[in-house]
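What follows is a short report on a single structure.
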Number of protein chains: 4
Amino acid sequence: MLPESNEDWIEQLLKLSDEEPKMTEKQTKILHAAIEIFAEKGYAAASTSEIAQKAGVAEGTIFRHYKTKKDLLLSIVLPIMAKLVAPFVLRNFTPVLEAKYTRYEDFLRSLIRNRLEFARQHLPMIKILMQEIPFHPDLQEQFKTEVMNEVLTRIKKVIVFFQQEGQIIPLPAATVVRLTASVIIGFLITRFLLVPEQEWDEEEEAETCIRFIMHGLATR
Amino acid sequence: MLPESNEDWIEQLLKLSDEEPKMTEKQTKILHAAIEIFAEKGYAAASTSEIAQKAGVAEGTIFRHYKTKKDLLLSIVLPIMAKLVAPFVLRNFTPVLEAKYTRYEDFLRSLIRNRLEFARQHLPMIKILMQEIPFHPDLQEQFKTEVMNEVLTRIKKVIVFFQQEGQIIPLPAATVVRLTASVIIGFLITRFLLVPEQEWDEEEEAETCIRFIMHGLATR
Amino acid sequence: MLPESNEDWIEQLLKLSDEEPKMTEKQTKILHAAIEIFAEKGYAAASTSEIAQKAGVAEGTIFRHYKTKKDLLLSIVLPIMAKLVAPFVLRNFTPVLEAKYTRYEDFLRSLIRNRLEFARQHLPMIKILMQEIPFHPDLQEQFKTEVMNEVLTRIKKVIVFFQQEGQIIPLPAATVVRLTASVIIGFLITRFLLVPEQEWDEEEEAETCIRFIMHGLATR
Amino acid sequence: MLPESNEDWIEQLLKLSDEEPKMTEKQTKILHAAIEIFAEKGYAAASTSEIAQKAGVAEGTIFRHYKTKKDLLLSIVLPIMAKLVAPFVLRNFTPVLEAKYTRYEDFLRSLIRNRLEFARQHLPMIKILMQEIPFHPDLQEQFKTEVMNEVLTRIKKVIVFFQQEGQIIPLPAATVVRLTASVIIGFLITRFLLVPEQEWDEEEEAETCIRFIMHGLATR
DNA sequence: GATGAATGAGCATTCATTCAT
DNA sequence: AATGAATGAATGCTCATTCAT
């Protein structure tokens with residue numbers, strides 16, 4: 001479980017998540033079909049006619065709702081990008097953190113659990129996002145601006161805070177972020193992409209990650 | 001520099017690397033053009049006519065050397081996959097290791113340096129491999145067999161060896177591999193894909209990674 | 001100004017012109033939008049959705065009033081064709097003429113002025129008519145029947161009348177009509193299509209046309 | 001027959017006319033099919049698949065030779081526009097004229113005969129040119145530049161020359177051109193488009209046109 | 001009457017692949 | 001070995017038209 005005190009921003013995250021409630025039923029079906037097919041064969045190799053078929057609509061119907069195929073991609077990928085950064089960008093992120101988590105370890109625990117849940121719920125969309133970012137400069141731009149700048153600067157503040165507290169080693173904040181993120185993302189990728197079929201004791205593995213990071217970053 | 005003692009398998013790696021010495025000049029140009037364009041726009045979005053144009057050959061010439069477009073992809077991606085696993089698969093890998101590296105830390109250092117060099121030399125092909133694996137079951141199969149099975153079992157043996165020596169914590173070998181790989185791959189991705197334009201003190205960053213891993217895995 | 005004596009058939013023309021007084025406001029807007037867009041891009045290249053948009057109605061509304069796109073075209077083009085021939089077809093045309101215009105020159109003057117006004121008022125519809133006639137056999141048929149037969153035979157009678165009077169040269173009536181029409185239509189096209197932006201002294205140019213025709217047709 | 005002295009620029013015109021001798025046989029067939037179909041149904045209403053079918057080639061073949069459908073149109077329409085103005089633009093036009101034709105009437109006779117032949121040979125392409133100019137700003141631009149500017153200024157010089165000789169009435173040159181052109185073009189349109197099926201005594205009609213123009217423009 | 005979502009045939013264009021030269 | 005013209009299936013997208021609301 002996440003600490004109760006954390007619930008407020010999860011709540012906010014969830015609020016963000018029920019996208020476009022005014023979508024017609026056909027539109028929803030198109031979106032779902034597109035997610036499935038884009039995730040399976042990639043954007044470029046997916047054909048709109050296949051999407052239409054899987055969605056059970058006429059091909060023209062896709063283009064009534066999404067001006068172009070690219071538009072359809074963006075309507076999948078932009079919201080997921082927003083949700084990806086949401087937890088870090090909510091305006092009360094830093095103060096809340098500093099007050100709430102007296103230990104880096106608690107911060108990590110909350111983060112991992114939250115991202116595990118996020119990945120479980122949105123796996124296909126995340127796959128699409130990761131696959132397509134390299135080929136779409138506009139997505140890259142958005143990603144760099146929102147993630148690199150917004151998220152990184154906020155997290156770095158948190159890192160510095162814990163460094164000042166003497167909890168973690170005084171490496172450059174960017175390095176600390178990279179090391180931490182590598183371990184967590186490496187876990188998520190292994191869990192959901194590389195070996196998804198295996199039975200995972202997620203609690204146990206999460207704790208192992210945390211301990212590894214904490215010892216790795218401990219002040220000597 | 002890599003320690004001299006390591007040179008023998010690097011030598012072997014290099015032997016593997018001058019692939020198909022019997023390639024005509026046009027074929028080489030086709031291959032180079034394909035690598036560039038596949039890396040830039042992805043396999044599915046790349047057109048053979050664009051490749052032909054960039055290679056300065058006629059469209060038909062591509063299909064004289066590579067039966068299909070997929071064939072052209074494989075001729076890029078299979079060799080790079082072979083080279084990716086080469087250092088671990090050379091038949092003398094484990095014994096050599098156990099004798100040579102008395103410390104996990106030295107093993108890591110050698111590994112990181114070697115992979116840095118590998119990534120620097122073959123970045124576009126590695127990009128292509130990573131991008132296309134999810135969409136080609138045959139590549140996945142090959143990857144699982146060669147990397148997951150061959151490489152992992154060998155590395156796990158090394159891990160167990162160092163665990164028995166008491167140098168690293170007695171976690172499941174798979175977990176140790178994952179943690180170690182996450183940090184190293186996370187470094188490589190950040191170095192070459194996320195922030196390639198930045199000036200990197202690779203020696204320094206590599207040592208930071210090593211220290212992080214060593215502390216993270218240290219017996220308590 | 002047109003000579004008063006001419007007013008009666010102008011009056012009749014005007015009666016014809018307030019077409020379909022029972023049109024709803026939306027229908028009027030559709031018609032206007034269609035005229036504008038057909039004239040601008042041609043019938044085939046105009047899309048009903050663009051017309052709907054410009055008219056400010058829903059796509060379906062067009063088809064409530066006009067069964068097909070072709071229907072919409074006809075509802076523009078047929079009335080303008082009727083008005084085009086109206087002055088010549090009014091049943092009292094010939095007798096009136098013979099009585100009224102004692103000189104061919106007066107007939108021409110009245111004709112030019114009237115057609116100038118007609119072109120000024122209905123330019124876009126005339127453009128559409130001219131553009132589409134070659135591609136619609138039904139329009140051609142209508143045009144040949146109404147214009148070639150009806151109008152030509154009546155005008156020829158007038159010509160013969162003036163030839164018998166010795167005012168104009170005894171060429172075949174068809175030739176006289178062609179020469180006269182060429183000059184007048186050539187003027188109208190230059191005035192409204194080729195060089196519409198120029199300041200035109202229409203009175204002066206009309207008189208020049210008349211003098212040219214009269215000298216050209218004068219009995220030697 | 002055209003006066004021998006005129007043969008040199010006709011010769012030049014014909015030289016211009018054997019367009020692109022390096023066309024493959026399929027390309028020729030595509031071009032001919034396109035001319036036929038564009039003339040019959042108009043550019044916008046013609047489909048490339050219909051053209052391909054009539055040409056007896058695969059649809060893709062069209063696009064190997066002409067990047068776009070518009071390209072195909074231009075490859076028909078630009079050469080015909082060039083040929084349309086060729087007789088007037090040949091660099092020796094004015095001097096030759098002034099020396100050769102001592103009477104406006106002879107100039108007209110030569111012009112009419114030449115344009116009759118031109119229309120007879122290239123009727124479908126001329127139809128296409130006339131139909132499409134209103135809808136393609138780039139064609140309009142080209143037309144205005146080449147025809148309006150180049151041709152008109154040259155012809156005006158000729159007109160002024162004959163006016164100074166006292167052969168024709170001192171109206172504005174533009175007006176003289178318009179009157180003359182109206183009569184000739186009116187004849188051509190009637191001959192080839194309105195009543196092509198009729199037996200025409202072209203010599204006789206041409207002389208009638210010339211006499212009409214000469215009397216119309218005679219100094220009083 | 002008016003709407004606008006839905007349709008599916010049709011469009012221009014691209015593409016991997018073939019083959020005669 | 002190399003070419004490049006030719007292919008025809010497939011693609012993303014548009015369009016006139018229908019119909020339930």
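Below, chain A is the first sequence line, B the second, and so on; all start at residue 1.
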| message | Need one value for D:A52: base, sugar-phosphate or nothing, where a base atom within 4.0 Å counts as base even if backbone is also close, heavy atoms only. | response | nothing
Donor-acceptor pair, side chain of C:K69 and main chain of C:Y43, under 3.5 angstrom: yes
Result for 5'-nearest mapping on DNA chain F, choosing between D:T24 and C:Y43, is D:T24
Contacts of C:P124 meeting side-chain contact (heavy atoms from CB on, under 4.5 Å) (sequence neighbours excluded), chain-then-number -> C:I35, C:A39
Using a heavy-atom cut-off of 4.0 Å across all strands, would you classify A:S47 as base, sugar-phosphate, or nothing? sugar-phosphate
Step-by-step side-chain hydrogen bond (donor to acceptor under 3.5 Å, both in side chains) determination, B:E59 to B:T48
CA-CA 7 Å; B:E59 295 198 39; B:T48 51; 5.0 Å; no
- Test side chain to side chain contact (heavy atoms under 4.5 Å, CB included) applied to B:I51 and B:L72, step by step: CA-CA 11 Å; B:I51 293 170; B:L72 180 52; 4.1 Å; yes
A:Y66 atom OH is separated from E:dA6 atom C1', nearest whole Å, by 15 Å
For residues 128-139 of chain D, the salt bridge (Lys or Arg N to Asp or Glu O under 4.0 Å) pairs (sequence neighbours left out) are D:K70-D:D138
D:L72 CG to E:dA12 P, in whole Å, measures 11 Å
Interface polar pairs with nucleotides 17-20 of chain F, N/O, under 3.5 angstrom:
{"from": "F:dT17", "atom 1": "OP2", "to": "C:K69", "atom 2": "N", "distance (Å)": "2.7"}
{"from": "F:dT17", "atom 1": "O4", "to": "C:E59", "atom 2": "OE1", "distance (Å)": "3.4"}

Under a 4.5 Å cut-off applied to non-hydrogen side-chain atoms, are C:T68 and C:L73 in contact? no
Query raised in the report: Tell me, do B:V77 and B:F38 make a side-chain contact under 4.5 Å, heavy atoms counted?
Result: no
For DNA chain F, the expected dot-bracket line (Watson-Crick or G-U under 3.5 Å, [ ] crossing, | inter-strand) is .||||||||||||||||||||
Separation of E:dC11 atom P from D:E50 atom CD, nearest Å, is 8 Å
note: A:I51, atom CD1; E:dA6, atom P; distance rounded to Å ~ 17 Å
Counting only heavy atoms not in B:H32 (residues, nucleotides, ligands), do more than 12 fall under 6.0 Å from its NE2? no
Ranking B:E25 and D:V57 by the position along DNA chain F of their nearest nucleotide, the one closer to 5' is B:E25
When rounded to whole Å, the CD to P distance for the pair A:Q27 and E:dG4 reads 15 Å
Quick note, salt bridge (Lys or Arg N to Asp or Glu O under 4.0 Å) partners involving residues 40-54 of chain A, not counting sequence neighbours, are A:E36-A:K54, A:K41-A:E50
task = Find out whether D:M130 and D:I126 are in side-chain contact, i.e. whether some heavy atom of one side chain is under 4.5 Å from a heavy atom of the other.
result = yes
When rounded to whole Å, the NZ to P distance for the pair D:K41 and E:dG10 reads 12 Å
| message | Less than 4.5 Å apart, side chain to side chain, heavy atoms only: is that true for D:Q140 and D:F135? | response | no
Take C:Y66 and C:L31 through the side chain to side chain contact (heavy atoms under 4.5 Å, CB included) test and state the conclusion after the steps. CA-CA 10 Å; C:Y66 304 92; C:L31 209 50; 3.5 Å; yes
- prompt: According to a strict under-4.0 Å criterion, is C:H65 in side-chain N/O contact with OP1 or OP2 of E:dA2?
  reply: yes
Comparing nearest nucleotides in DNA chain E, the 5'-proximal residue of the pair A:I62, C:K26 is C:K26
Contact check, residues 132-142 of chain B vs DNA chain F, heavy-atom distance under 4.0 Å, returns none
> What does B:A45 touch in the nucleic acid at a heavy-atom separation under 4.0 angstrom: a base, only the sugar-phosphate, or nothing?
Replying inline: nothing
D:I30 atom CD1 is separated from E:dA12 atom P, nearest whole Å, by 14 Å
